[in-house]
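What you see is a predicted model; the values in this text were computed from it and never measured.
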Amino acid sequence: MPEVILAVAAFITSMISGIIGMGGGILLLATLFCFIPHGEAIPTHAAVQIVSNSTRVLGLATSIDWRTVGRFCLGGIPGSALGMMILWALGPPDDSESYLKMLVGAYILVAALRPTSRRNMRSEVWWHFPLLGLVAGMAALTVGAIGPLIAPLFLQRGYTKERLVATKATCQAIMHLVKIPAFLWLDRFEIERLGVLALLMIVMVIPGTLCGKAILKRVSERGFIIVYRVSLLAAGIKVFLYDGVWMAL
C-alpha cells in the first residue's frame with residue numbers, strides 16, 4: 001500500500017513541478033517522510049528528482065542558459081561537500097532524524113512564504129549564482145528539495161518562462177545527481193531495499209511531468225501559485241510539528 005501511495009504522489013508532484021516549475025519536490029519529500037526514515041527518504045528523493053528534472057530539461061534543452069548553470073555549479077559542488085560533512089557530524093540518521101525533520105519543516109515554511117514576484121529585479125552580479133549554488137549544495141544533502149530556495153533568484157533574472165524552467169531544472173538535476181555518490185559514500189543509501197520503490201516512482205514522474213506541461217496551457221498561473229503555497233504550508237507544518245517537534249519529545 002505505501003508503494004502505491006508513493007507512486008501516485010510521484011505522479012502528482014511531478015505534474016505540479018511541470019506546471020509551475022517548483023513545489024513538487026518538497027511535497028514529494030514530505031510524503032516520503034510519512035513512510036520511510038530521513039536517511040532513506042533523501043537519497044530516494046534524489047534518484048526520483050534526477051529523472052523528474054531531466055524530463056523538463058530534455059523538453060526545453062534549447063532554452064538552457066549554460067553560463068548560469070556553470071556559475072551555479074561553481075558554488076554547488078563545494079556546497080555539496082560541506083553538506084556531506086554536516087551529515088557526517090550529525091551521526092547516524094536515527095540519532096538526529098527528528099531534528100533534521102525540524103530543519104526540513106522550517107525550510108518548507110520559509111520557501112512557501114518567500115515572495116516570487118518579478119518586480120524589483122536586480123542587475124546581474126556574477127557571484128550571485130555561485131553563492132546560491134553553495135547554499136543549495138548544502139541544502140540538497142541536508143534538506144533535500146532546493147527548488148523553492150533557488151527560485152527567487154532565477155525569477156529576478158527576468159528570464160522567459162521556458163528559459164527559467166529549463167535552467168533551474170538543469171541546476172537541480174545536477175545537485176540531485178551529486179547526492180547519489182555522497183550518500184553511497186556515507187553508507188546511507190540501501191539500494192537493494194529501495195531499488196524497486198525508486199524505480200516505481202521514477203516511472204511515474206515521467207508521465208506526470210508531461211501531463212503538467214499539457215495542463216499548464218489551460219490553467220491560470222495565479223491559481224496554481226495559490227495551490228502551491230497552500231500545499232507547501234500544509235507540508236511544512238506537518239513535517240516541522242509532527243515529524244520533528246512531536247517525535248523529538
[X] side, atom [atom1]; [Y] side, atom [atom2] - distance, nearest 0.5 Å:
| X | Y | atom1 | atom2 | result |
| --- | --- | --- | --- | --- |
| Met15 | Leu210 | CE | CG | 12.0 Å |
| Lys168 | Ile64 | NZ | CD1 | 13.5 Å |
| Gln172 | Ser17 | CD | OG | 7.5 Å |
| Leu134 | Leu82 | CG | CG | 6.0 Å |
| Asn53 | Ile50 | CG | CD1 | 9.0 Å |
| Leu197 | Ile36 | CG | CD1 | 6.0 Å |

Can [Y] be reached from [X] by stepping across I, L, V, M, F, W or Y side chains whose heavy atoms are under 4.5 Å apart?
| X | Y | value |
| --- | --- | --- |
| Val135 | Ile77 | yes |
| Met201 | Ile206 | yes |
| Leu233 | Val245 | yes |
| Leu28 | Leu200 | no |
| Phe72 | Leu74 | no |

For the student: nearest non-hydrogen atoms of Thr167 and Asp65, plus distance: OG1-N, 3.0 Å
Non-hydrogen atoms of Ala106 and Phe240 that approach each other most closely: N-CD1, 3.7 Å
Backbone of Gly76 reached by a side-chain donor or acceptor of Ser80 within 3.5 Å: yes
Evaluate the side-chain proximity of [Y] to [X]: yes if any heavy-atom separation is below 4.5 Å, no if none is.
| X | Y | answer |
| --- | --- | --- |
| Leu132 | Arg71 | no |
| Ser14 | Met204 | no |
| Trp66 | Thr170 | yes |
| Ile174 | Cys73 | yes |

List the atom pairs, with distances to 0.1 Å, where a side-chain N or O of residues 2-12 and a protein N or O form a donor-acceptor pair under 3.5 Å, not counting sequence neighbours.
none

side-chain hydrogen bond (donor to acceptor under 3.5 Å, both in side chains) partners for Gln49, two or more places apart: none
CA sep, side-chain torsions, deciding dist, call: Val203, Val51, side chain to side chain contact (heavy atoms under 4.5 Å, CB included): CA-CA 9 Å; Val203 169; Val51 176; over 6 Å; no
